[in-house]
Amino acid sequence: MTETRLRFPPSPTGYLHIGGARTALYNWLYAKKTGGKLILRIEDTDAERSTQESIQGILDGLEWLGIDWDEGPYFQTEFESDHEAAASRLLEEGKAYKCFCTKEELDAKREAAQKNKTAYGYDGTCRSLSGEEVAAKEAAGLAFVIRFKVPDRDAEIGYDDKVLGRIKAQYSEIEDFVIVRSTGKPLYLLCNVVDDIRDRISHIIRGSDHMTNTIRQVLLYQALDAPVPVFAHMPLTLDLKKAKISKRKHGEIVAVHFYKERGFIPWALSNFLVLLGWSPGDDKEFFTREELIDTFSLERINKTNSIFNYQKGNDKFFTDPKAISFNEHYLRSMPIEEIATMVKPFLAGEGLWDDSYENDKKEWFLSTLDLIRDRFQMLSDFGDRGRAYFSDEFTVEKKPLKKNILKHEGLKEWLPLLADRYEALDDFNLESAEQTARDLATELDIKPGVIINGMRTVVTGQLAGPSMFDILMAIGRERVVARLRGVAELYKE
């Protein structure tokens, strides 16, 4: 194979989770790095659990992360005839056989092995049945599965894993495994191989939890006279208790849409996930899309499992503090025009969006976002903690209310007085606003901080933020004056 071809084959039995997203990212990066192709294949053979909602959720999650694919999405159920044909071929060529052993018989053998403290593996009871014996059992209506006939060799089979090195096993250690159920449906083990052969997959990058299948799949590739792909098994992503991250156990905290809805920047999450199991070889953490494609290599995928340290980040959600720090970095460093585009839906969701922010108020909008973004962690913060910049209806937080307002009864008169002076200024600018506040503090013989901190609480509802006088310029004289004159209302709460 001269073309590098990779696949991402999610099962549509739930949302796209961060483990799956990381797998998709590694495949996508390697495809881009090598000038190859990424195939999206939806493995929807679990009819009871697969849903259209899950399929759409996977597509939306990949698109949000910026992961594009070159072919697909293909659906595994569309190729059931291929899977059945492969099973028939293996039967015809004597590389598989029909097994009529019942569940009760197999369970009894397994229990006996446990009692004798010996390893259990299928003993090949039906391996040597003659054609006549098979026909007789079928005529009697006995159910059967199809087992792959592992070659009877006193030898070693293995493959070279790009992450873990040489992986090997003895043929004698591998039992004749089932490839078709008694219902006639081929198992994932065979379907996956047949699909990879058809899609000409050259490299398989997946989690190390799939390694239990790999040796058996190598046998299937060989039996079907197909080249064996290059394998690279990634370490697992674990929680703090060293348990594998899973949708079932951890819930939405591991769902990609969870991060989207709470205001993560797509590339921030992608950058974080790539480093959750891969290292560039130095201390560099933040990469552009092009830098990461250029730097990525299979050889630098870690051999050890990574820890997703999910815990409470703030009162909105739980997540890894490292992930939050990545989001903060991109929130503060990306071009403000790009941030504005991503902020829009969050402002709209809070009823704060105004179409003028894209027209005559665009300059003000961009400069305001630029002013306040250094204090925020999430895009959602603009519609929450940044509410006072876009609306006169905002909440005054309890801590600054108690510290900066209620402790100073005189602010009932001082802040309205400051409002009068601001209203009377010929030119309300950064310098005149600050000087007026400081002059008033001098006249009243109080510390400037009493006036300035009180003003911050009344104007923004918060304890901290950008320079107070930059805030005044962003909010504008008319709104500032109105808020300062309404300070008495805060003493009633």
Side-chain angles (χ1 to χ4, degrees), residues 1-11 19-41 43 67 69-72 74 76 83 86 148 150-151 155-171 173-175 177 179 186-238 244 273-274 276-279 296-306:
M1 297 182 185
T2 57
E3 181 182 50
T4 302
R5 292 175 63 84
L6 301 102
R7 84 302 199 261
F8 176 58
S11 297
R22 187 186 65 158
T23 299
L25 280 164
Y26 283 19
N27 279 278
W28 175 79
L29 284 168
Y30 196 69
K32 296 294 183 185
K33 167 91 175 209
T34 58
K37 289 190 168 113
L38 176 62
I39 291 85
L40 178 60
R41 189 170 72 223
E43 301 199 331
I67 300 174
W69 51 92
D70 302 286
E71 295 180 21
Y74 300 138
Q76 195 168 59
H83 310 145
F148 179 80
V150 177
E156 176 184 284
I157 181 173
Y159 62 94
D160 294 313
D161 192 288
K162 280 291 188 179
V163 177
L164 303 172
R166 183 70 180 170
I167 306 297
K168 56 190 178 181
Q170 296 294 318
Y171 281 93
E173 297 171 342
I174 310 168
E175 69 173 353
F177 51 90
I179 57 173
L187 269 70
Y188 163 84
L189 198 66
L190 177 63
C191 297
N192 197 252
V193 168
V194 172
D195 290 339
D196 285 341
I197 294 171
R198 184 193 59 251
D199 293 336
R200 307 190 312 281
I201 300 303
S202 65
H203 291 68
I204 294 176
I205 306 173
R206 60 187 182 185
S208 58
D209 52 335
H210 287 279
M211 286 183 66
T212 54
N213 294 326
T214 307
I215 286 288
R216 292 180 293 171
Q217 288 181 321
V218 168
L219 287 169
L220 288 171
Y221 284 110
Q222 293 175 344
L224 292 168
D225 300 319
V228 177
V230 174
F231 286 95
H233 287 99
M234 307 180 302
L236 300 179
T237 303
L238 309 178
K244 180 186 172 184
L273 289 177
V274 170
L276 206 63
W278 174 85
S279 168
F296 186 78
S297 68
L298 300 180
E299 288 74 16
R300 296 214 65 85
I301 294 176
N302 299 339
K303 291 181 172 62
T304 56
N305 295 327
S306 57

Looking only at heavy atoms, which two atoms of [X] and [Y] are closest? And how far apart?
{"X": "Tyr221", "Y": "Pro227", "result": "CD2-O, 3.8 Å"}
{"X": "Val194", "Y": "Ala86", "result": "CG2-CB, 3.5 Å"}
{"X": "Arg206", "Y": "Thr23", "result": "CA-CG2, 4.3 Å"}

Say whether, by atom type as modelled, one donor and one acceptor occur between the side chain of [X] and the main chain of [Y] under 3.5 angstrom.
{"X": "Thr237", "Y": "Ser306", "result": "no"}
{"X": "Tyr26", "Y": "Val274", "result": "yes"}
{"X": "Asp70", "Y": "Leu38", "result": "yes"}
{"X": "Trp278", "Y": "Ser297", "result": "yes"}

- Task: Identify, with sequence neighbours excluded, every residue that meets side-chain hydrogen bond (donor to acceptor under 3.5 Å, both in side chains) alongside Tyr74.
- Result: Glu71
- Query: Looking at residues at least two apart in the chain, or sitting in another chain, which of them share a side-chain hydrogen bond (donor to acceptor under 3.5 Å, both in side chains) with His203?
  - Reply: none
- Kindly indicate, with the supporting measurements, whether the criterion side chain to side chain contact (heavy atoms under 4.5 Å, CB included) is fulfilled by Met234 and Val163. CA-CA 7 Å; Met234 307 180 302; Val163 177; 5.9 Å; no
What distance do [X] atom [atom1] and [Y] atom [atom2] have between them, rounded to the nearest 0.5 Å?
{"X": "Tyr159", "Y": "Leu164", "atom1": "OH", "atom2": "CG", "result": "7.0 Å"}
{"X": "Leu190", "Y": "Arg216", "atom1": "CG", "atom2": "CZ", "result": "12.0 Å"}
{"X": "Asp209", "Y": "His233", "atom1": "CG", "atom2": "NE2", "result": "8.5 Å"}
{"X": "Lys168", "Y": "Ile215", "atom1": "NZ", "atom2": "CD1", "result": "11.0 Å"}
{"X": "Ile204", "Y": "Arg5", "atom1": "CD1", "atom2": "CZ", "result": "12.5 Å"}
{"X": "Leu29", "Y": "Ile67", "atom1": "CG", "atom2": "CD1", "result": "8.0 Å"}

- Message: The test is side chain to side chain contact (heavy atoms under 4.5 Å, CB included); show your working for Val228 and Gln222 and say whether it passes.
- Response: CA-CA 7 Å; Val228 177; Gln222 293 175 344; 4.3 Å; yes
- Task: Evaluate whether atom NZ of Lys37 has more than 12 neighbouring non-hydrogen atoms of other residues, nucleotides or ligands under 6.0 angstrom away.
- Result: no
- Counting heavy atoms not belonging to Lys162, are there more than 12 under 6.0 Å from its NZ? no
- Item | Short N-O contact, Asp196 and Arg41, less than 4.0 angstrom | yes
- Taking the side chain as every heavy atom from C-beta outward, state whether Pro235 and Thr304 have any pair of such atoms under 4.5 Å apart.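 Pro235 vs Thr304: side chains apart.
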- Item | Leu220 and Phe177, any side-chain heavy atoms less than 4.5 Å apart | yes
- Task: Assess whether side chain to side chain contact (heavy atoms under 4.5 Å, CB included) is satisfied between Asn213 and Asn192, documenting all intermediate values.
- Result: CA-CA 10 Å; Asn213 294 326; Asn192 197 252; over 6 Å; no
- Item | For Ile167, the option from Thr214, Asp160, Asp161, Val218 that meets side chain to side chain contact (heavy atoms under 4.5 Å, CB included) | Asp161
- Query: In terms of the angle between their ring planes, are Tyr30 and Phe296 parallel, tilted or perpendicular, with boundaries placed at 30° and 60°?
  - Reply: perpendicular
- Excluding sequence neighbours, so at least two apart, what forms side chain to side chain contact (heavy atoms under 4.5 Å, CB included) with Glu175?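 In terms of side chain to side chain contact (heavy atoms under 4.5 Å, CB included), with neighbours along the sequence ignored, Glu175 is linked to Tyr122.
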